Enquirer: 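A single structure is presented below for examination.
These numbers come from a predicted model, not from an experiment.
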Amino acid sequence: MKKSVILGALTVAGLLAGAAGAATLDDVKARGKLNCGINTGLVGFAAPDANGEWSGFDVAYCRALAGAVLGDPSAIEFVSLTGKTRFTALASGEIDALSRNTTWTLTRDVDLKFTFVGVNYYDGQGFMVPKALGVTSAKELDGATVCIQTGTTTELNLADFFRTNNISYEPVPIETNAEAQQQFLAGACDVYTTDASGLAATRATFENPGDYAILPEIISKEPLGPLVRHGDDGWADIARWTLNALIAAEELGVTSANIDEMAAAPTSNPEINRLLGTEGNMGEMLGLPADWAVKAIKAGGNYGEIFEKYIGETTPVGLARGLNAQWTNGGLMYAPPFR
């Protein structure tokens with residue numbers, strides 16, 4: 001084949017890829033709102049208040065994405081989804097992005113055709129029991145009844161853990177966290193298992209949270225993060241770099257309190273300038289305005305602010321940063337360079 005023909009084919013392929021990549025962004029702009037999938041209700045991560053207003057750690061990402069794309073963090077249609085329904089909603093186009101404490105796995109990435117855009121919470125599966133049960137280790141749970149959400153990674157992890165330790169259990173399948181809480185408190189199961197962050201969030205809603213213990217064993221790796229459909233690289237770039245902007249802002253000292261001042265004119269730090277759009281053309285590369293990251297960060301603050309507000313140690317959920325601290329503080333949170 002002639003070189004000119006090869007180049008021509010590559011050019012056409014590139015143009016087609018570019019057109020496909022703009023599809024979701026164009027749809028969101030034309031619609032005037034972002035359709036974002038969230039949990040059916042998990043305190044600290046995604047829960048409605050008395051007026052039906054959604055807030056939480058995962059909700060804050062949706063608002064940042066809406067801010068980046070539409071300039072308005074309230075221009076969102078929240079779609080509450082169970083573990084079973086979340087992937088169908090994303091694959092069908094009912095939602096533009098899913099931000100629902102979802103674990104990044106090979107099969108979800110490759111077989112289900114989703115693109116995870118990063119990790120916003122490094123987690124692991126744990127177990128919660130009533131203290132009255134007298135259990136101090138998950139290895140003492142032989143014969144226990146276990147409440148477990150269907151359609152989640154926790155089902156396989158649970159089976160593997162009990163098989164490895166040569167103990168048995170009786171599963172009690174449930175659909176939502178609210179149902180799990182109801183069944184657990186009613187004594188329909190001895191144990192509730194899910195991501196440790198979810199256990200902490202659930203326990204925080206109990207009338208007597210001190211009566212329940214989260215056992216020390218963490219039996220899996222659960223890197224949680226937002227995801228989009230395969231086949232739209234341009235949209236995936238926007239979703240990925242919105243998360244990166246929140247993480248980088250914390251590292252660079254850009255907060256909801258000082259961002260207006262920092263964005264008013266270039267600072268002495270070139271990376272802050274590139275992040276906030278006072279230098280370079282990164283917004284243009286993404287198909288967004290120059291101040292896209294400013295709008296994303298102003299939606300709810302940087303990553304650290306969001307963490308502390310919704311799930312940090314001073315909240316009822318009470319989570320320490322741990323692995324979710326910035327890499328400069330011994331954690332795993334690390335944004336690629338804005339360069």
Side-chain angles (χ1 to χ4, degrees), residues 21-39 45-46 53-81 86-87 89-91 93-102 104 114-121 224-250 254 256 259 263 275-277 282-307 309-310 333 335-336 338:
T24 307
L25 176 59
D26 288 346
D27 287 347
V28 172
K29 285 182 174 180
R31 192 190 306 130
K33 65 180 179 180
L34 172 75
N35 292 334
C36 203
I38 54 173
N39 205 302
F45 287 86
E53 186 79 7
W54 287 89
S55 67
F57 182 79
D58 286 334
V59 170
Y61 171 76
C62 294
R63 294 199 184 281
L65 185 57
V69 174
L70 299 169
D72 180 359
S74 66
I76 302 183
E77 181 75 31
F78 288 111
V79 181
S80 57
L81 300 164
R86 56 183 163 174
F87 297 132
L90 181 58
E94 180 185 353
I95 57 175
D96 307 305
L98 178 64
S99 181
R100 188 202 175 280
N101 50 297
T102 299
W104 188 349
F114 296 131
T115 297
F116 284 79
V117 300
V119 177
N120 68 351
Y121 193 93
L224 311 179
L227 53 154
V228 296
R229 287 179 293 280
H230 268 191
D232 193 336
D233 288 347
W235 180 246
D237 286 342
I238 291 169
R240 177 179 301 110
W241 286 96
T242 296
L243 176 59
N244 287 337
L246 302 179
I247 296 169
E250 181 184 18
V254 179
S256 56
I259 191 167
L275 171 67
L276 303 184
M282 291 184 173
E284 183 182 342
M285 293 178 189
L286 290 166
L288 299 176
D291 65 348
W292 66 277
V294 174
K295 297 290 179 58
I297 297 162
K298 288 184 70 171
N302 64 35
Y303 177 84
E305 290 179 287
I306 292 168
F307 191 105
K309 180 176 181 180
Y310 295 112
M333 278 297 149
F338 278 75

Enquirer: For Glu250, check side-chain contact (heavy atoms from CB on, under 4.5 Å) against everything at least two apart and list the hits.
Expert: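 side-chain contact (heavy atoms from CB on, under 4.5 Å) list for Glu250, sorted by chain: Asn302, Tyr303, Arg321, Gln326.
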Enquirer: Can you tell me how far apart OG1 (Thr115) and CG (Asp233) are? Round to the nearest 0.5 Å.
Expert: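 Between atom OG1 of Thr115 and atom CG of Asp233 there are 7.0 Å.
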Enquirer: I'd like to check the side chain to side chain donor-acceptor pair (under 3.5 Å) partners of Arg229; sequence neighbours left out, ordered by chain and number.
Expert: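 None.
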Enquirer: Check salt bridge (charged side-chain N to carboxylate O under 4.0 Å, His left out) between Arg86 and all other residues, then give those that pass, not counting sequence neighbours.
Expert: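 Partners of Arg86 by the salt bridge (charged side-chain N to carboxylate O under 4.0 Å, His left out) criterion come out as none, since no residue qualifies.
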Enquirer: I'd like to know whether Leu25 forms a side chain to side chain contact (heavy atoms under 4.5 Å, CB included) with Leu286, so could you lay out the CA-CA distance, the side-chain angles of the two residues, the decisive distance to 0.1 Å, and finally the verdict.
Expert: CA-CA 10 Å; Leu25 176 59; Leu286 290 166; over 6 Å; no
Enquirer: Please examine the side chains of Phe57 and Ser99, heavy atoms only from C-beta on, and report whether any two atoms are closer than 4.5 Å.
Expert: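 Counting from C-beta outward, Ser99 and Phe57 never come under 4.5 Å.
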Enquirer: Please report the C-alpha distance between Asn244 and Phe338 in whole Å, then the side-chain angles of each, then the deciding distance to 0.1 Å, and finally whether the side chain to side chain contact (heavy atoms under 4.5 Å, CB included) criterion is met.
Expert: CA-CA 9 Å; Asn244 287 337; Phe338 278 75; 4.1 Å; yes
Enquirer: Got a second to check how far Leu98's CG is from Leu90's CG, nearest 0.5 Å?
Expert: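 Spacing of CG (Leu98) from CG (Leu90) equals 6.0 Å.
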Enquirer: Are Phe114 and Leu227 side-chain neighbours, meaning at least one heavy-atom pair lies under 4.5 Å?
Expert: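 Answer yes - side chains close enough.
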Enquirer: With side chain to side chain contact (heavy atoms under 4.5 Å, CB included) as the criterion, how do Lys295 and Leu288 come out once you've worked through the C-alpha distance, each side chain's angles and the decisive distance to 0.1 Å?
Expert: CA-CA 11 Å; Lys295 297 290 179 58; Leu288 299 176; over 6 Å; no
Enquirer: Is the closest side-chain heavy-atom distance between Met285 and Asp237 below 4.5 Å?
Expert: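 Met285 vs Asp237: side chains apart.
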Enquirer: Can you measure from SG (Cys36) to CG (Leu81) and round to the nearest 0.5 angstrom?
Expert: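 Taking SG in Cys36 and CG in Leu81, the distance rounds to 9.5 Å.
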Enquirer: Please identify each residue that fulfils side-chain contact (heavy atoms from CB on, under 4.5 Å) with Glu53, with sequence neighbours left out.
Expert: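 Partners of Glu53 under the side-chain contact (heavy atoms from CB on, under 4.5 Å) test: Asp49, Arg63.
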Enquirer: So how far is it from Asn35 CG to Asp27 CG, rounded to the nearest 0.5 Å?
Expert: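 That separation rounds to 10.0 Å.
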Enquirer: Between the side chains of Lys29 and Asp26, is the shortest nitrogen-to-carboxylate-oxygen separation below 4.0 Å, so that they form an ion pair?
Expert: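 Answer for the salt bridge query: no.
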Enquirer: Nearest 0.5 Å, please: how far is CZ in Phe87 from CD1 in Ile95?
Expert: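 Reported value, rounded in 0.5 Å steps: 10.0 Å.
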Enquirer: Would you say that Tyr121 contacts Asp58 through its side chain, given a criterion of any heavy-atom pair below 4.5 Å between the two side chains?
Expert: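 No, side chains not in contact.
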Enquirer: Side-chain contact, heavy-atom cut-off 4.5 Å: Leu224 with Asn120?
Expert: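 They are in side-chain contact.
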Enquirer: With heavy-atom distances below 4.5 Å as the criterion, would you say the side chains of Thr102 and Phe116 are in contact?
Expert: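 In contact.
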Enquirer: Test of understanding: with side-chain contact (heavy atoms from CB on, under 4.5 Å), list the residues that count as partners of Ala296, not counting sequence neighbours.
Expert: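 Ala64, Ala68, Thr242.
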Enquirer: Considering only heavy atoms from C-beta outward, does the side chain of Trp54 approach that of Ile76 to under 4.5 Å?
Expert: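 Side-chain contact under 4.5 Å: no.
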Enquirer: Is the closest side-chain heavy-atom distance between Phe307 and Leu246 below 4.5 Å?
Expert: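 Counting from C-beta outward, Phe307 and Leu246 never come under 4.5 Å.
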Enquirer: Who are the side chain to side chain donor-acceptor pair (under 3.5 Å) partners of Glu94, not counting sequence neighbours?
Expert: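 So Glu94 forms no side chain to side chain donor-acceptor pair (under 3.5 Å) with any residue.
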